[in-house]
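In this text, all values refer to a predicted model and were calculated from it rather than measured experimentally. Per chain, numbering begins at 1; letters A, B, ... match sequence-line order.
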Protein chains: 2
Amino acid sequence: MGERPALSKAELEVARVLWELGEATVRQVHETLSASRKIDFATVQTYMRRLESKGYARTWLDGRTRVYTPSVKPATVIRETVDDLVERLFGGETLPLMQHLIEDRGVSGEDLAQLRALLDRLEEDGHGK
Amino acid sequence: MGERPALSKAELEVARVLWELGEATVRQVHETLSASRKIDFATVQTYMRRLESKGYARTWLDGRTRVYTPSVKPATVIRETVDDLVERLFGGETLPLMQHLIEDRGVSGEDLAQLRALLDRLEEDGHGK
DNA sequence: GTATTATGCGTACATTTGTACTGGAGTCAA
DNA sequence: TTGACTCCAGTACAAATGTACGCATAATAC
């Protein structure tokens, strides 16, 4: 049932903002995005329309204003996106990616602790898979 | 000096094969790729030409046959690609991605050990950043 | 040598992506 | 009731992407 076309990079950005806001108008998303990069209102509008047509968001009119809300959970999209990347870039292997993340991008002390906690948890209840 | 245009998904796949083989003709790359998915010879050829024109590979003729070799290290491309993904999908935060990797994709027992080792190593010599 | 096969080059082309302008229609202030 | 705004739908359009066909030439097989 889940054959949505994949989201492009720019669309992902918009989707992320939408997840953050939960429910938002184009204007709100545009404002949020504008904080970090220059982007036209109409451009955001197009992305959101595409989000909807690709099945990643639902939308309705609240009076004059169109409201969007995500219809696919971030976890799902993340899984699909990351899986694809891991597939293409590492032939499906996860470890090299983690290695890269840990070694090449700074992992803060806090993050380290959290990671450890995660590993511990995993090791306890039936690890592997 | 490094303003290469980014590689597309399909190009990444080809690049990966090229890294693996170190030096290869279109035919070799095509054969390797064919193992996992149906793809036309000429298509691979186009990708490799694009790899070269984007500055990711060098090439020359060995007699009749054109040989390609990567001119950018995997680590570099991986960094650029992953950084971009992390930026767009997680707003720049690394931890959520790792969490996803560890929780949602099976990490084997072996991998776990390796990860731990990595963390240990990091913690020793000046951790953080 | 002549047919067959490999290769490389150029070209093509439909889609998707990134980005944005335009015009109409409601809304508010003066 | 005339601007000045705001918001939406539609359209536009160049560049990038995915995918491949066709032609010329060189290598091989008969």
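- Applying the side-chain hydrogen bond (donor to acceptor under 3.5 Å, both in side chains) rule to Asp84(A) yields the partners Arg88(A), Lys9(B); only residues at least two apart in sequence or on another chain are considered.
- The hydrophobic side chain of Leu61(B) is isolated, with no ILVMFWY side chain under 4.5 Å apart from it.
- Nucleic acid contact class of Arg88(B) (heavy atoms, under 4.0 Å, all strands): none.
- The salt bridge (charged side-chain N to carboxylate O under 4.0 Å, His left out) check on Glu20(B) picks up Arg16(B), with sequence neighbours excluded.
- The salt bridge (charged side-chain N to carboxylate O under 4.0 Å, His left out) check on Arg58(B) picks up nothing, with sequence neighbours excluded.
- Rounded to an integer number of Å, the gap from Lys9(B) NZ to dT16(C) P is 13 Å.
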For residues 42-50 of chain A, dump all side-chain donor-acceptor pairs below 3.5 Å to protein atoms at least two apart in sequence or in another chain.
residue  : atom : partner  : partner atom : Å
Thr46(A) : OG1  : Ala42(A) : O            : 3.1

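- With a 4.5 Å cut-off on side-chain heavy atoms, Asp83(B) and Glu80(B) do not count as touching.
- Counting non-hydrogen atoms of other residues, nucleotides and ligands closer than 6.0 Å to CD of Glu23(B) gives a total above 12.
- Sorted by first and then second residue, the ring pair (Phe, Tyr, Trp, His ring centres under 6.0 Å) pairs involving residues 55-83 of chain B (not counting sequence neighbours) form an empty list.
- Here ring pair (Phe, Tyr, Trp, His ring centres under 6.0 Å) pairs that include residues 13-38 of chain B, with residues two or more places apart or in two chains, are His30(B)-Phe41(B).
- For the OP1/OP2 pair of dT16(C) and a distance below 4.0 Å, the side-chain nitrogens and oxygens of Ser8(A) include no atom meeting the criterion.
- In this entry the distance linking CG of Leu7(A) with C1' of dT15(C) reads 16 Å, nearest Å.
- Atom-to-atom, CZ of Phe41(B) to P of dC21(D) comes out at 13 Å; the value is rounded to the nearest Å.
- Taking every heavy atom of residues 45-62 of chain B and every atom of DNA chain D, pairs under 4.0 Å involve Thr46(B), Tyr47(B), Arg50(B), Lys54(B), by number.
- Residue pairs satisfying the salt bridge (charged side-chain N to carboxylate O under 4.0 Å, His left out) criterion with at least one member in residues 28-42 of chain B, sequence neighbours excluded, are listed as follows: Glu13(B)-Arg37(B).
- Using a 4.0 Å heavy-atom criterion, one finds that Ala42(A) contacts the bases of the nucleic acid, with or without backbone contacts as well.
- DNA chain C lies under 4.0 Å from at least one heavy atom of each of the following residues of residues 15-36 of chain B: Arg27(B).
- What separates NZ of Lys38(B) from C1' of dT19(D) is a distance of 9 Å, to the nearest Å.
- Among the atoms of the strands shown, base atoms are found under 4.0 Å from some heavy atom of Thr43(B).
- Here His100(B) pairs with nothing under the ring-ring contact (aromatic ring centres under 6.0 Å, His included) rule; sequence neighbours left out.
- Atom CZ in Arg66(A) sits about 11 Å away from atom C1' in dC7(D), given to the nearest Å.
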What nitrogen or oxygen pairs link the protein and nucleotides 26-29 of chain C at under 3.5 Å?
none

